[in-house]
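To start, the structure itself, in structure tokens.
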Amino acid sequence: MSIVESELETLVDVSGSNELEVLNNNALENEAIYILREVAAQFEKPVLLFSGGKDSITLVRLAQKAFFPAKIPFPLMHIDTGHNFPETIAFRDKLVKELGVELIVRNVQDSIDQGKVVEETGKYSSRNMLQTTTLLDAIEEFKFDACIGGARRDEEKARAKERIFSVRDDFGQWDEKNQRPELFDMLNGQIELGQNVRVFPISNWTELDVWSYIQKENIEIPSIYFAHKRKIFLRDGFIWSAEDDVVFRAEDEKVEERMVRFRTVGDMSCTSAVLSHADTIEKVVGEIRESKISERGARIDDKRSEAAMEKRKQQGYF
Amino acid sequence: MSWHLLKLSAESQCQIQNTKEMEVLKIATAGSVDDGKSTLIGRLLYDTKSLTDDKLEAIEKTSKQKGYDYLDFSLATDGLVAEREQGITIDVAHIYYSTPNKSYIIADTPGHVEYTRNMVTGASTSQAAIILIDARKGVIEQTNRHFFINNLLRIKDVIVAINKMDLVDYSEERYNEIKADFEELMSKRDYQDQKITFIPVSALKGDNVVNRSEKMAWYKGQTLLEHFEELDRKDIFNVGTPRFPVQYVIRPKTEEYHDFRGFAGKVYGGELSVGDEVVVLPSMTKSKIKEIYFYDKKYKTATRRSSVTITLEDEINVSRGDMLVKAGDLPTIDKQFTATVSWMDSQNLTVGSKYVVQHGVNKVLAKVENIHHKINPDYSGIDTSINALGMNDIAQVTFRLNKPIFYDSFKNHRTNGSFILIDNQSNTTAGVGFIN
């Protein structure tokens, strides 16, 4: 927007109100709000998949904006791997309380106990893949027809091909070669019984867009996103937390204390840290802006193969 | 690996003062197989320093494995296994980069004949477009097609990038030849106001993409990036009459907002302000805009493309699919219309068949009344002998509806003049239409 135009949008006094602001014209925010409203209007049982990470926290703020002054008209659901950073869980519970919305938690541990999935073992074991089964079971249990998620197209190559309304069959599978075209703003949410739609309102945001938004909106995020002292160890060029039991560490892997922060907060067993002194949101935004390493560069789950994400998505992964 | 490599950036002290809203520009790309589209996109990313080290490393590694002596940037964009196996782009991919000035989204659409549907899809959400031409081949049948679609979709700003100039000795003469051929094509276009800019480039060598070419001193115009950087909103958006399709009715039913009835939606085409006299369609009830909310604040004016919540002075019945328009500025209200349809489904469209028309957020049932003629998307004329539309066909079709809709012609209103066709059996989006 040119400067002249933005001046024209300056508010004139609304009678009886002191609001005198320029109406936000963030195209990405307007798009995300539009998408969230389409979900509420087109589906009977939507749910917002909440991981406690910055993207899903951003989604929650966007949902608040979309439906104000009403409450967010769908529950949040957390698929808990049991390997979350404790900071994330504490944050999640506090946020849900403030919002007054329903939180559903389903545990990967239960899927393991029921024998539906088998825990991986060894040095690179992770529960990240196991989430899929728990998620699909929860979708069936609650008959959710739309699952809103914070995935972004800039994260990974297979995600760059993802639709905003992405249809999944009864088995949660993504048929990447047969996706519905999405034209103009029009979102087609028509599905058959048993199918569901994954919805990605921040598809077109980049990592920097999300961080800048968190800064501008002054949104609270879990403390592990900021630089802090942590006991860590080094393996394969990645920094791992040595404070949390679920991360496998061999005897000979030396523990050190460093200033680190996490760039994503997935399952602890596949999320590595970066060295950083960025202890405020301003510094984090600055660091991301200057960054030379992509966001998922710190996610070991994508390193398994060139097509790791595409394969997981076909199987119903988020 | 040493510790310093585990930092995201050199110790960054930079604080961001710049909190102005970033402008977002979406660009559709069209080119035939081997025109170097992926290389061009890769070059844009590379020269704007948008490729991160790990991505660059992956590209270097894979290029080497494949035995190339150059960097294969297509590896940065082709995301699906099948695409990498076949070395082609199948589906629309979205690529992101930004300059301090703008955020860019590139819709990388495949250029094969059979993928008209993807080109239409990519162009529908774009404000600008790049058509790639191989300088050795010049304007070919595919070029006609790419131009036709960008013109049909009424993209306001189109760049014709004449690529691989390094392979024609950076010849100004060759450039002028191709330009002249393209200009002949331009005379056939329906939408004459489309702004077209020619740029000679070499994506592989980096000439005139981000950096100016030393080899083509004869070219005095802008580089590709310079052109996009200087585009203004008025260059890429049409300003028309405001239309407000109601997406969702907000009724909080809380003590504080007991009687609140807000109409949530996005404003298209123009602005709406508090006090404006509006008509609610289809009931034709009149009222005035009482409040405009964006989140928890009230505003005087809802700007174009803002997602707001509007309340009215009077208590009237408004539901999803209804539309608020300014009094005296009514769209066409009719149960029948004729449109240019771009068909995207493997099941043919035939006379008499029924579909759901989704016009914005409004859905009605529609029956195909008549297929007038097929339009060859390469400017080779029309075909009046057809009675069915197959995948990738474009044709003039008349529909009859079970309820009236409130539409504008596509040439006056990109949003309110377009619709999608949904197949009620498969639920898929089977086609898109642009109302005459």
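First the proteins, then the strands, lettered A, B, ... as listed; each starts at 1. None of these values were measured; they are calculated from a predicted model.
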Quick one: closest heavy-atom pair of Thr121(B) and Leu183(A), and the distance? CA-CD2, 3.7 Å
Do Asn204(A) and Tyr96(B) meet the criterion of a side-chain donor-acceptor pair at a distance under 3.5 Å? yes
For the backbone of Leu187(A) and the side chain of Gln358(B), can you confirm whether one donor and one acceptor N or O come within less than 3.5 Å of each other? yes
Largest heavy-atom contact set with chain A, pairs under 4.5 Å, which of Ile105(B), Thr125(B), Ile422(B): Ile422(B)
So for Leu153(B), is it side chain, backbone, both, or neither that comes closer than 4.5 Å to the heavy atoms of chain A? side chain
From Ile250(B) atom CD1 to Lys71(A) atom NZ, the distance as rounded to the nearest 0.5 Å: 15.0 Å
Side-chain donor or acceptor of Asn188(A) paired with backbone N/O of Asn427(B) under 3.5 Å: yes
Just say parallel, tilted or perpendicular for the rings of Tyr248(B) and Phe67(A), cut-offs at 30° and 60°. perpendicular
Would you say Asn30(A)'s side chain and Ser307(B)'s backbone share a donor-acceptor pair under 3.5 angstrom? yes
I'd like to know if the side chain of Thr309(B) pairs up with that of Arg37(A) as donor and acceptor (distance under 3.5 Å, no hydrogens or angles considered). yes
Using non-hydrogen atoms only, which part of Glu182(A) is less than 4.5 Å away from chain B: side chain, backbone, both, or neither? backbone
Does the Gln247(B) side chain pair with the main chain of Tyr34(A), one donor and one acceptor, at a distance under 3.5 Å? yes
To the nearest 0.5 Å, what is the distance between CZ on Phe260(B) and CZ on Phe68(A)? 7.5 Å
Side chain, backbone, both or neither: which part of Val356(B) has an atom under 4.5 Å from a heavy atom of chain A? side chain
Run Glu38(A) and Lys266(B) through salt bridge (Lys or Arg N to Asp or Glu O under 4.0 Å) and show every step you take. CA-CA 11 Å; Glu38(A) 280 304 286; Lys266(B) 202 165 167 184; over 6 Å; no
